[in-house]
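Numbering of ligands and ligand atoms starts at 1, following listing order.
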Amino acid sequence: MNAPHIATVPPPAPETVAALDRLDERLLWLSAWTIHNANHIRENRDGLKVGGHQASCASMTTLMATLYFHALRPEDRVAVKPHASPVFHAIQRLFGRQTQEQLERFRAYGGAQSYPSRTKDIDDVDFSTGSVGLGVAVTAFASLAQDFLSAKGWLDPERRGRFIALLGDAELDEGNIYEALIEGYKHDVRNLWWVVDYNRQSLDATTSERMWDRFDDIFATVGWDVITLKHGARQRAAFARPGGTALKDWIDACPNDLYAALTYQGGAAWRERLHADLPADARALVDSYDDAALSDLMTELGGHCVETLLEAWAKAAQDDRPKLFIAYTVKGYRLPFQGHKDNHSGLMTPAQIEALRDQLGVKAGEEWDALSGLAADERARLEAFVRAAPMAAPAPRRFDAGQVAIPASFPAPAGERQSTQAAFGKILHELSKAETDFAARIVTTSPDVTVSTNLGGFVNRRGLFSRRQLSDVFKERKIASPQAWTGGEAGQHVELGIAENNLFLNLAAFGLTAPLFGERLFPVGTLYDPFIARGLDALNYAIYQDARFILVSTPSGLTLGPEGGAHQSINTPLIGMGQPGLTHWEPAYADELALLMQHAFEEVQAPDGGCSYFRLSTRTVEQPVRTDDSWRADALQGAYWLKPPAPGASLAIAASGAVMPEALEAWAAVQDDAPGAGLLAVTSPDLLHRGWTAAGRARWTGAPRAPSHVETLLAPLAADAGLVTVLDGSPSALSWLGSVRGQRLRALGVERFGQTGDLIDLYRSYRLDADAILDAAADLALG
Ligand SMILES: Cc1ncc(C[n+]2csc(CCOP(=O)(O)OP(=O)(O)O)c2C)c(N)n1
Ligand SMILES: [Mg+2]
């Protein structure tokens, strides 16, 4: 253990160790049985393999038993290794927070989830997991969010917890972990425990021993304590005997694949190999164990030893420095396929599970009772032990933050010519001036594009968040700059390095403060639109667990002009449309944006709300002169008639976002040939489409026949009218409009990589200009 500042702790009481040993066994049983039932006993109606990971569970039961039944407190928050979900559910069952019925339906519709899910599981999941690496890193940002709330005085010191990630060793290959490590170091994160189930097996194979010491170095470099738990107490006792040092050296030098293979083969194979490699005194030591005891000795690694783990947790609790525990384990520990390289999705046969049941003393017919077969006094002792665990306390772990008063409307920024990006900056700047609870709860964050996405005004006003006081040296030295960035605990902007994964994980964490801490924050994250793709899995991960935030993505599309093809986003409207829980908005005008942003903030805290994604532009366009407010309600549903069509009109143009001036120009020019043609301003292709499919679904299920918004909008057009759609992005975002009433349609948009150029050249070349729209209209008129 290379953390010299940590003092020794008294050894755990023997009865505590005994109770945890037994609970560890019974977690092994219930998790294995839950998977077995799903695969071998429950009716299989479609022939699909159900799956579940008995080996991945078996390597974590001791770690999880000692944490959940002893070391963790209710205010601690845990991200559980996805494949250990059955162990988690078994623990919750012992706590009385999970039902047998849910376990019986593990991986079935409406049952306990394959990977822990905040939104779908009925038990106490803190963070959803599944995509490896993300659940680990989110804990770093959750810890930052806790510091943020504490700094504002919104979280009592006794409610501050630790953030624990239980991870598989292969998760350490995910780059997002190291992005988070670097960001965490910059923000001086603390109260983090990352516990690696170091079984040295991934899905395909045993892992490379070249990484043995490297993780220590990497984490130590960024200020973490690294605690390696390699050997169990029994191994350490053997090492103290004559020949023990040679045995220890042999274990320490043994390659991962050989260790795993011998683990699978068992006592006789261990003996044969150790005899071949060790000197006489060590051979004598080995021979003092029979085959079964030798196998036990060689596999009793640190992560399977209750005493070793309790000591480690107790020492770690002494300070709040971030800690990496490398707990050596055996994949499939105590199961017939322990150590086998193919055991990742291995399932025990019915005969094997019966043998395990009998070996553990569980009675046939009582398989769902985790404590079956124990003498009455031991059962009573274990039940009392579980009840006495700090985590069993009835302390609330899910909170309702209530509703924050949000102004009923946001004033539209003034100006005859504006870009949506500039309008965004002004709207937030305006919000930052108000001394309201709402304004105090807005948190902005950006991966090194704060200035170029127009958050600068907000940051000038509200400051950077930092646990240390930050001054602006340039300002102090009287060097002129529009950005005056001072910071400290009062700050409301979390400045990140460039890594977009971190932006989305930060939004995930700050977007979960309401249920995790009972304090609502309104996170607003900004980035360049094309780089959504860089963090897309983390974005999906955040929304999957119902984190709430607003994403502002700017600049976007070909309209970026001279920046060229590497920065011009094309498919992001489709990403927005395809992502559940996220509404894509692509406003054209500043007043639309003000309206939609107010709505988006409401959605952050609405019980059935969600996240919003604004795809904005740096293009300055002439703003419309509104004669009334009738457009507003329609704009909130995804589209409104900027130029309403005459009844029976033969043509409509539907346009979204920055290309609205071209649509207007074409609309004016087409009136001679298509009198009364309309111009539909689509504020959200996503919402419009969703409304349409939802109305269809409602009809099939016998609900009232209410037309969707888009059906109502298109109703005035002639039945055989043509539609031309245009947006600066993939044309398929709007091409579906032709299906609403079975109308002919030409879809304009971007289908090739962009390039440098001014808008005149680019719009002409990529066919986004008024001529292109007119050509498409003529094409439709010709039939
Ligand atoms: C991002 C991502 N890539 C791939 C997978 C598929 N996968 C699931 S588990 C796993 C290997 C896990 O190995 P490890 O983390 O060591 O866990 P354990 O050995 O404890 O099962 C892989 C590749 C995934 N779930 N997520
Ligand atoms: Mg592994």
Side-chain angles (χ1 to χ4, degrees), residues 27-28 31-32 35 49 51-64 67 78-88 107 113-117 127-138 165-180 194-209 211-212 214-215 229-230 255-257 259-261 263-264 299 301-304 324-335 337-347 501 504-505 508 533-542 544-545:
L27 292 181
L28 172 71
S31 57
I35 297 167
K49 179 179 171 175
H53 302 84
Q54 289 173 330
S56 305
C57 288
S59 67
M60 275 223 120
T61 52
T62 331
L63 291 164
M64 289 176 73
L67 284 167
V78 191
V80 176
K81 180 182 85 167
H83 305 81
S85 164
V87 182
F88 173 78
R107 290 185 167 233
Q113 296 295 295
S114 43
Y115 308 118
S117 164
F127 300 102
S128 301
T129 54
S131 179
V132 300
L134 297 177
V136 182
V138 79
L166 306 174
L167 58 146
D169 50 331
E171 296 196 57
L172 289 170
D173 284 337
E174 290 287 1
N176 83 278
I177 300 237
Y178 304 96
E179 294 177 346
W194 288 1
V195 181
V196 185
D197 174 359
Y198 200 53
N199 59 31
R200 291 147 294 139
Q201 284 186 247
S202 60
L203 189 158
D204 281 338
T206 49
T207 52
S208 168
E209 46 272 357
M211 289 309 293
W212 271 347
R214 301 282 68 85
F215 294 123
L229 306 169
K230 186 157 189 183
N256 290 341
D257 49 3
Y259 211 90
T263 294
Y264 175 70
T299 55
L301 301 173
H304 297 311
L324 178 77
F325 298 90
I326 300 179
Y328 277 68
T329 57
V330 168
K331 191 156 174 169
Y333 186 50
R334 295 157 295 186
L335 302 184
F337 39 59
Q338 66 174 358
H340 195 293
K341 70 182 174 63
D342 304 333
N343 66 10
H344 184 75
S345 40
L347 293 171
N501 267 311
F504 293 118
L505 291 174
R534 177 64 82 94
L536 195 50
D537 195 25
L539 170 64
N540 177 64
Y541 172 74
Y544 180 72
Q545 55 190 323

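When each atom of ligand 1 is checked for a heavy atom of Glu171 under 4.0 Å away, the hits are 15 (O). For ligand 1, the atoms lying closer than 4.0 Å to a non-hydrogen atom of Asn199 are 18 (P), 19 (O), 20 (O). Against a heavy-atom cut-off of under 4.0 Å, Ser56 is close to the following atoms of ligand 1: 18 (P), 21 (O). Numbered from 1 in the order shown, with element, the atoms of ligand 1 that lie under 4.0 Å from a heavy atom of Gly130 read 24 (C), 25 (N), 26 (N). Short contacts between ligand 1 and Ser131, defined as distances under 4.0 Å to a heavy atom of the residue, involve ligand atoms 1 (C), 26 (N). Each of the atoms 18 (P), 20 (O) of ligand 1 lies under 4.0 Å from some heavy atom of Lys81. Close approach of ligand 1 to Asp197 is summarised as follows: ligand atoms under 4.0 Å from at least one heavy atom of the residue are 20 (O).
Using cut-offs of 30° and 60° on the angle between ring planes, the pair His304 and Tyr333 is parallel.
Here the side chains of Met211 and Asp169 are not in contact, with every heavy-atom distance at 4.5 Å or above. You'll find the side chain of Lys81 stays beyond 4.5 Å of the side chain of Tyr115, heavy atoms only.
A donor-acceptor pair under 3.5 Å is formed between the side chain of Asn176 and the backbone N or O of Gly133. At distances below 3.5 Å, at least one donor-acceptor pair connects side-chain atoms of Thr129 with backbone N or O atoms of Val80. A distance-only check finds a donor-acceptor pair linking the side chain of Asn343 to the backbone of Lys331 [under 3.5 Å]. Judged by distance alone, with hydrogens and angles left aside, the side-chain atoms of His53 form no donor-acceptor pair with the main-chain N or O of Ala55 at under 3.5 Å. Side-chain atoms of Asp257 do not come within 3.5 Å of backbone N or O of Thr206 as any donor-acceptor pair. Between the side chain of Glu209 and the backbone N or O of Arg200, no donor-acceptor pair lies under 3.5 Å.
Nearest protein heavy-atom contact of atom 16 (O) of ligand 1 is Asp169 OD1, 2.6 Å. Protein heavy atom closest to atom 26 (N) of ligand 1, with residue, atom name and distance, is Val132 N, 3.1 Å. Ranking the protein heavy atoms by distance from atom 18 (P) of ligand 1 puts Lys331 NZ, 3.4 Å first. The nearest protein atom to atom 13 (O) of ligand 1, hydrogens excluded, is given as Ala170 CB, 3.3 Å; this is a heavy-atom distance. Ranking protein heavy atoms by distance to atom 17 (O) of ligand 1, first place goes to Gly168 CA, 3.8 Å.
For the Mg ion (ligand 2), the set of nearby N, O or S atoms under 2.8 Å includes one belonging to Asn199. At a cut-off of 2.8 Å, Gln201 is counted among the residues with an N, O or S atom near the Mg ion (ligand 2).
For Asp169, the N, O or S atom closest to the Mg ion (ligand 2) goes by the atom name OD1.
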Kindly indicate, with the supporting measurements, whether the criterion side chain to side chain contact (heavy atoms under 4.5 Å, CB included) is fulfilled by Leu67 and Leu166.
CA-CA 10 Å; Leu67 284 167; Leu166 306 174; 3.5 Å; yes

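For Tyr264, the OH atom sits in a loose shell: 12 or fewer heavy atoms of surrounding residues, nucleotides or ligands are nearer than 6.0 Å.
Considering only non-hydrogen atoms, atom 8 (C) of ligand 1 lies nearest to His83 out of Arg200, Met60, His83. Which of Asp173, Asn176, Leu203, Leu166 comes nearest to atom 11 (C) of ligand 1 through a heavy atom is settled by distance: it is Leu203.
Atom 2 (C) of ligand 1 is flagged as protein-proximal [any protein heavy atom, distance under 4.0 Å].
Of all the heavy atoms of His344, the ones lying under 4.0 Å from any atom of ligand 1 belong exclusively to the side chain.
Checked by distance only, ligand 1 and Ser59 stay at 3.5 Å or farther apart across all their nitrogen or oxygen atoms.
The side chain to side chain contact (heavy atoms under 4.5 Å, CB included) test with Trp194 is passed by exactly one of Leu172, Val136, Ile326: Val136.
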